[in-house]
Amino acid sequence: MKLSMLMLLLMGVLLASLSGCSKPDSKATLNDYQQRLIRVLQLERVKVQVEPLASLPRPSELRQPLPDIRLELTDAWASRACGLDQLIGERNSSLGRVFQPSQQLHYELRLLAQLERCLQQDISPALAQQLGNWLSQKQQAIAPALSNMLLTDDTLRSQWQGNKPPLVAADSSGFTATRGALHHLVNLTEQISQEQWQQAAAVDIEQSLAMLYQHDFLAKLQSSLRYSAAWFSQLNPQLLALNPESLCPGGRSTEQLTILTTVFSKFFIGEVQAHLAELSRYQHEIWPLLQQLYQDTALYPALQQRYQQPAAQLQQQLMLQVQWWQQLNQQCPANLTQQQS
């Protein structure tokens, strides 16, 4: 004897509960919901294809040369008391010659901050003029150094590649640290624009990059947004083509409709929409920070493709599915609104 549709659904829930305690990611959450719609509505199985990403420009195409400004200190006081010799020696060391973009930026900022401190001391007019000239010249290196860090740093570029797994539902670990790291980098760019060299030199760039590397939250967020947008875009045509009235002939409740209301309340509202609300919150707080960092750079179109565009597409496609559920509630005795009260 064939099992009823309700029994099949209950067995699916039981098997899912026995499959382990690991939390599903965006992909698993949506695929589980899709399987239930397929069983209840006899939809065709859709293998979601995520739109491929355009390749990022190579670092060599983005890297800007820094002005070649040589500082030669012949004044013994400047060498010893002002501390510039230590910084210049650091840059000329074997490690200094292979600075990463973030290290190069931090060095330039520390040098500017030190030049400012030297100028505030009691020094001769000739030395003051020399240090002032150096300060003015070294300021020209900050813009390309900042650009090189944002566009060519390995940790940052790894966040845009699009090959990381999606975020896990109901797991916000990494969000706070990632948001904080981006805030620090935004503050750094603001201090640089205001020529606040002391404050900018005190920013721990490496710590911010370490937080981004540790959590990979930005990479996972874009994977979730892009997969979710593709999922709704490719499943919705089947669902929207289904007339809700066909699920309740003559306005009568059916076993199929009963199961469908459970799918709506427990899986669409309880899991899918709950996770999409998380993604929306993350996107709402993360994207403005990325905009502030990258809006005037060559990577901005690529970041729009990875964050802004899929988020907008996801919102639009989600609303279309919500409207289908609303039509079902209006045309059939589904009582979906009462279930959510």
Side-chain angles (χ1 to χ4, degrees), residues 54-73 83-119 130-161 181-213 218 289-304 306:
S55 299
L56 294 173
R58 294 191 297 271
S60 59
E61 298 172 356
L62 300 172
R63 189 175 295 111
Q64 299 183 35
L66 271 61
D68 186 14
I69 302 170
R70 299 183 180 276
L71 307 184
E72 296 181 1
L73 288 175
L84 288 173
D85 58 335
Q86 182 177 351
L87 277 172
I88 296 173
E90 178 182 334
R91 182 67 180 93
N92 293 330
S93 68
S94 58
L95 292 178
R97 295 191 185 98
V98 291
F99 271 161
Q100 294 299 308
S102 57
Q103 297 170 322
Q104 180 68 54
L105 174 61
H106 192 214
Y107 168 79
E108 299 293 340
L109 291 171
R110 287 186 294 134
L111 183 57
L112 285 173
Q114 191 64 31
L115 284 169
E116 273 193 341
R117 285 192 288 269
C118 292
L119 285 168
Q130 184 182 25
L131 296 181
N133 289 338
W134 284 344
L135 178 64
S136 178
Q137 293 171 8
K138 291 302 291 183
Q139 287 175 347
Q140 301 172 23
I142 292 300
L146 175 60
S147 176
N148 289 343
M149 190 272 288
L150 291 175
L151 302 186
T152 69
D153 176 80
D154 290 340
T155 293
L156 290 172
R157 286 182 64 87
S158 70
Q159 304 299 308
W160 324 135
Q161 297 300 332
L182 291 177
H183 269 297
H184 285 150
L185 294 180
V186 168
N187 290 339
L188 174 64
T189 62
E190 292 175 348
Q191 290 161 356
I192 288 175
S193 68
Q194 298 166 9
E195 298 186 357
Q196 297 177 350
W197 308 128
Q198 306 299 324
Q199 295 90 327
V203 174
D204 192 337
I205 302 175
E206 300 305 319
Q207 183 181 32
S208 296
L209 295 178
M211 288 294 100
L212 298 179
Y213 177 82
L218 296 174
L289 298 174
L290 294 179
Q291 277 185 305
Q292 291 181 68
L293 288 172
Y294 287 95
Q295 193 156 21
D296 298 322
T297 72
L299 282 187
Y300 188 63
L303 297 186
Q304 285 181 303
R306 287 155 171 77

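Reckoned from all heavy atoms, side chains included, excluding hydrogens, waters and symmetry mates.
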Identify the heavy atoms of [X] and [Y] that sit nearest to each other, and give their distance.
| X | Y | result |
| --- | --- | --- |
| Y300 | Q295 | CD1-CA, 3.5 Å |
| N148 | P101 | O-CB, 3.7 Å |
| L66 | A141 | CG-O, 4.1 Å |
| P67 | Q140 | CG-O, 3.9 Å |

State which residues pass side-chain contact (heavy atoms from CB on, under 4.5 Å) with [X]; sequence neighbours excluded, sorted by chain then number.
| X | value |
| --- | --- |
| R117 | A113, Q114, Q198 |
| S102 | Q100, M149, D153, I205, E206, L209 |
| S208 | A181, H184, L185 |
| H183 | R179, L289 |

Inter-residue atom distance [X].[atom1] - [Y].[atom2], 0.5 Å rounding:
| X | Y | atom1 | atom2 | answer |
| --- | --- | --- | --- | --- |
| R58 | R63 | CZ | CZ | 11.5 Å |
| W197 | R110 | CH2 | CZ | 15.0 Å |
| Q159 | R157 | CD | CZ | 12.5 Å |
| L112 | S136 | CG | OG | 10.0 Å |
| Q199 | N187 | CD | CG | 11.0 Å |
| L299 | L290 | CG | CG | 11.0 Å |

Is there a side-chain contact between [X] and [Y], using heavy atoms and a 4.5 Å cut-off?
| X | Y | value |
| --- | --- | --- |
| T189 | Q292 | no |
| H106 | F99 | no |
| L105 | L188 | yes |

Checking I192 against L109 for the side chain to side chain contact (heavy atoms under 4.5 Å, CB included) test, could you report, in this order, the C-alpha distance in whole Å, the side-chain angles of both residues, the deciding distance, and whether it holds? CA-CA 9 Å; I192 288 175; L109 291 171; 4.0 Å; yes

Taking atom CD of Q207 as the centre, does the number of heavy atoms from other residues, nucleotides or ligands within less than 6.0 Å exceed 12? no

Y213: ring-ring contact (aromatic ring centres under 6.0 Å, His included) partners, not counting sequence neighbours: none

Contact list for residues 135-161, test ring-ring contact (aromatic ring centres under 6.0 Å, His included), sequence neighbours left out: W160-Y294

